[in-house]
Student: 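Below is one structure. I have some questions about it.
We use all heavy atoms of the structure for the numbers below, so side chains are in, but hydrogens, waters and symmetry mates are not.
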Amino acid sequence: MSRDTFRIDSHKLIYHPDRAAQVLAAQGDWQRAKPVYPIYVEMALVGACNHRCVFCAVDYIGYQSVRLEESLLNERIPEMARLGVKSIMYAGEGEPLLHKQVGAIAAMTKKAGIDVSFTTNGTVMPPGFLELGLPATSWLKVSINAGTPATYAAIHQTKESDFAKVVQNMSAMVRTRREHNLSCTLGAQALLLDENADEMEQLARICRDEIGLDYLVIKPYSQHLFSNTQRYKGIDYARFLALGEALAPLNTERFSLIFRGHTMQKYASKEQERYNRCYAVPFLWAYVMADGTVSGCSAFLKDARFEYGNLCQNGFQEIWEGDLRQKSFALVSQELDISECRVNCRMDEINRYLHQIYSQSVPHINFI
């Protein structure tokens with residue numbers, strides 16, 4: 001069995017009942033919706049990336065050479081904390097560790113009262129990150145989509161030597177965590193593809209035995225609405241489901257092999273009748289692009305209907321309670337056809353959860 005201690009293949013909104021109640025109470029009422037701030041924000045520190053992964057969802061944005069300045073974030077992030085934002089994942093359309101001040105930004109974010117995480121390709125280690133960034137980080141996950149240098153290079157469209165760099169950098173993080181008794185959870189993730197399926201066991205053993213990571217997530221691909229690449233659009237995950245059981249013996253007390261079979265089953269079944277509208281947007285999460293644009297959903301980046309403003313021009317409160325978010329609130333509430341949305345989007349499980357509560361579809365709900 002896959003051991004998902006971190007609820008990666010599920011959701012954690014059940015631990016925020018107050019925010020869930022706010023969202024449900026605000027349905028159709030902008031005055032109630034207006035002050036409901038996101039629990040979680042994904043933020044792109046830079047637009048550039050040193051890889052060109054064959055599956056990249058945001059290839060259409062163009063890997064632009066833009067970044068969020070540390071001085072700006074020193075103003076905006078404490079404001080976000082005061083307004084109720086609880087976590088920021090530094091990831092986004094670019095590679096976050098390409099930002100030279102990333103360690104200091106992570107430390108400032110944690111000091112402001114916001115939990116910090118990273119999703120990275122792990123090939124670069126900026127100065128000061130181990131000293132400043134890692135102690136402030138709740139978890140860091142590296143995207144490493146193969147178990148051999150050759151397959152890794154083909155999928156990431158980079159040099160084979162980058163595979164060794166990832167192993168070296170992650171090993172340094174594990175060593176730093178141990179030496180300084182840090183609490184940061186360190187893991188990896190791989191998109192399951194035809195090209196790498198037979199290397200997942202090898203990758204898991206590298207993560208567990210050679211690097212000393214806490215977990216490896218193996219997850220399905222999800223076609224982004226606007227991606228240039230369509231290479232994996234029709235991938236069939238039904239034939240991969242048995243792999244989860246085959247890899248289960250790799251679990252130990254210290255290492256979790258998280259095979260996202262639940263998500264794969266939803267993908268394989270092409271399930272569409274899950275809920276009739278999005279309950280999570282524009283409430284529970286937000287996406288900040290490297291140019292400062294604040295968006296309500298990463299599946300609609302560069303779509304003006306989901307853009308609320310820009311952090312380079314205005315404060316977060318002005319943006320979040322402004323006219324553009326109000327307009328987007330009405331769109332999502334009344335017009336958005338979720339059949340056009342990304343299958344298995346980041347908010348899918350949260351939407352299923354809120355839909356169950358909102359629709360009260362279970363008989364005799366008062367008999368708890």
Student: Using the six-membered ring wherever Trp is involved, compare the ring planes of F129 and F118 and label them parallel, tilted or perpendicular (cut-offs 30° and 60°).
Tutor: perpendicular
Student: Judged by atom type as modelled, is there a donor-acceptor pair below 3.5 Å linking the side chain of W320 to the main-chain atoms of V36?
Tutor: yes
Student: Could you go through Y60 and E93, starting from their C-alpha distance and side-chain angles, then the distance that decides it, and tell me whether this counts as side-chain hydrogen bond (donor to acceptor under 3.5 Å, both in side chains)?
Tutor: CA-CA 10 Å; Y60 70 98; E93 70 263 27; over 6 Å; no
Student: Quick check on D323: does its CG atom have over 12 non-hydrogen neighbours (other residues, nucleotides or ligands) under 6.0 Å away?
Tutor: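 Incorrect, the count does not exceed 12.
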Student: If the threshold is 4.0 Å, N to carboxylate O, is there a salt bridge linking D115 and K110?
Tutor: yes
Student: Checking the side chain of Y37 only, and the main-chain atoms of R82 only, is there a donor and an acceptor separated by less than 3.5 Å?
Tutor: no
Student: When you measure from the side chain of E42 to the backbone N and O of M89, does any donor-acceptor pair fall under 3.5 Å?
Tutor: no
Student: Dump the intermediate steps for side chain to side chain contact (heavy atoms under 4.5 Å, CB included) on Y275 and S359, then the final yes or no.
Tutor: CA-CA 9 Å; Y275 36 84; S359 64; over 6 Å; no
Student: Does some side-chain heavy atom of D194 sit less than 4.5 Å from a side-chain heavy atom of R239?
Tutor: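 A side-chain contact exists here, since the closest heavy-atom pair is under 4.5 Å.
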Student: Can you tell me if H11 uses its side chain to pair, donor with acceptor, with the backbone of L13 under 3.5 Å?
Tutor: yes
Student: When the ring planes of Y40 and W285 are compared, do they come out parallel, tilted or perpendicular, using 30° and 60° as the limits?
Tutor: parallel
Student: I want to check something: taking the side chain as every heavy atom from C-beta on, are F306 and L336 in contact at a cut-off of under 4.5 Å?
Tutor: yes
Student: Does the N251 side chain pair with the main chain of A248, one donor and one acceptor, at a distance under 3.5 Å?
Tutor: yes
Student: Has the side chain of N351 got a donor or acceptor atom that lies under 3.5 Å from a matching backbone atom of C278?
Tutor: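 Not a single qualifying donor-acceptor pair exists.
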Student: Contact between Y90 and I105 at the side-chain level, heavy atoms closer than 4.5 Å - yes or no?
Tutor: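 Result yes, sub-4.5 Å side-chain heavy-atom pair found.
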Student: For the residue pair E199 / T148, report whether a side-chain donor-acceptor contact shorter than 3.5 Å exists.
Tutor: yes
Student: When you compare the side chain of I155 with that of L191, does any pair of heavy atoms fall below 4.5 Å?
Tutor: no
Student: If the test is salt bridge (Lys or Arg N to Asp or Glu O under 4.0 Å), which one of R254, R177, R208 qualifies with D214?
Tutor: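 Among R254, R177, R208, the one that satisfies the salt bridge (Lys or Arg N to Asp or Glu O under 4.0 Å) with D214 is R177.
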Student: How long is the span from the CG atom in L98 to the OG1 atom in T120, to the nearest 0.5 Å?
Tutor: 8.0 Å
Student: Pick one: which of F255, F6, W139 meets ring-ring contact (aromatic ring centres under 6.0 Å, His included) with Y215?
Tutor: F6
Student: So, the side chain of S328 versus the backbone of L324: is there a donor-acceptor pair under 3.5 Å, distance only?
Tutor: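 Absent.
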Student: From L257 CG over to M200 CE, what is the distance, rounded to the nearest 0.5 angstrom?
Tutor: 10.0 Å
Student: Counting only N and O atoms by type, is there a donor-acceptor contact under 3.5 Å from the side chain of Q157 to the main-chain atoms of A153?
Tutor: no
Student: Check the side chains of Y63 and E95 for a donor-acceptor pair under 3.5 angstrom, ignoring hydrogens and angles.
Tutor: no
Student: Ignoring hydrogens and geometry, is there a side-chain-to-backbone donor-acceptor pair from N196 to G147 under 3.5 Å?
Tutor: no
Student: Do other residues, nucleotides or ligands put more than 12 heavy atoms under 6.0 Å from the CZ atom of R32?
Tutor: no
Student: Side chains of S227 and V58: closer than 4.5 Å at any heavy-atom pair?
Tutor: no
Student: Are the ring centres of Y232 and F55 closer than 6.0 Å?
Tutor: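 No, they do not, as the ring centres are separated by 6.0 Å or more.
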Student: Considering only heavy atoms from C-beta outward, does the side chain of R260 approach that of V217 to under 4.5 Å?
Tutor: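 The answer is yes, as the side chains (C-beta and beyond) meet within the 4.5 Å cut-off.
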Student: Just checking K12: does its NZ atom have more than 12 heavy atoms from other residues, nucleotides or ligands closer to it than 6.0 angstrom?
Tutor: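 Yes, because the 6.0 Å sphere around NZ of K12 holds more than 12 heavy atoms from other groups.
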Student: If the threshold is 4.0 Å, N to carboxylate O, is there a salt bridge linking R231 and E195?
Tutor: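 Salt bridge: yes.
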Student: Whether E321 and R325 form a salt bridge (side-chain N of Lys/Arg under 4.0 Å from carboxylate O of Asp/Glu) is what I want to check.
Tutor: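 Looking at E321 together with R325, the answer is no, because their closest N to O distance does not fall below 4.0 Å.
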Student: Tell me every residue that passes side chain to side chain donor-acceptor pair (under 3.5 Å) with Q101, counting only those two or more places apart in sequence or in another chain.
Tutor: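 Partners of Q101 by the side chain to side chain donor-acceptor pair (under 3.5 Å) criterion, ordered by chain and then number, come out as R67.
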Student: Taking side-chain contact (heavy atoms from CB on, under 4.5 Å) as the test, write out the residues that go with A164, two or more places apart.
Tutor: none
Student: Hey, can you tell me if Y237 and F240 have their rings parallel, tilted or perpendicular (30° and 60° cut-offs)?
Tutor: tilted
Student: Classify the ring geometry of Y152 against H51: parallel below 30°, tilted from 30° to 60°, perpendicular beyond 60°.
Tutor: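 Judged by the thresholds at 30° and 60°, the geometry between Y152 and H51 is perpendicular.
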Student: Is the F329 ring parallel, tilted or perpendicular to the W30 ring (thresholds 30°, 60°)?
Tutor: tilted
Student: Are any non-hydrogen side-chain atoms of H180 and L134 less than 4.5 angstrom apart?
Tutor: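 No; the side chains remain at least 4.5 Å from each other.
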Student: Say you draw a straight line from CZ of F163 to NE2 of H156; how long is it, rounded to the nearest 0.5 Å?
Tutor: 9.0 Å
Student: Has the side chain of H99 got a donor or acceptor atom that lies under 3.5 Å from a matching backbone atom of E70?
Tutor: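 Checked: no pair found.
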Student: Does the side chain of I218 come within less than 4.5 Å of L247's, by heavy atoms?
Tutor: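 Contact flag for L247/I218 side chains = yes.
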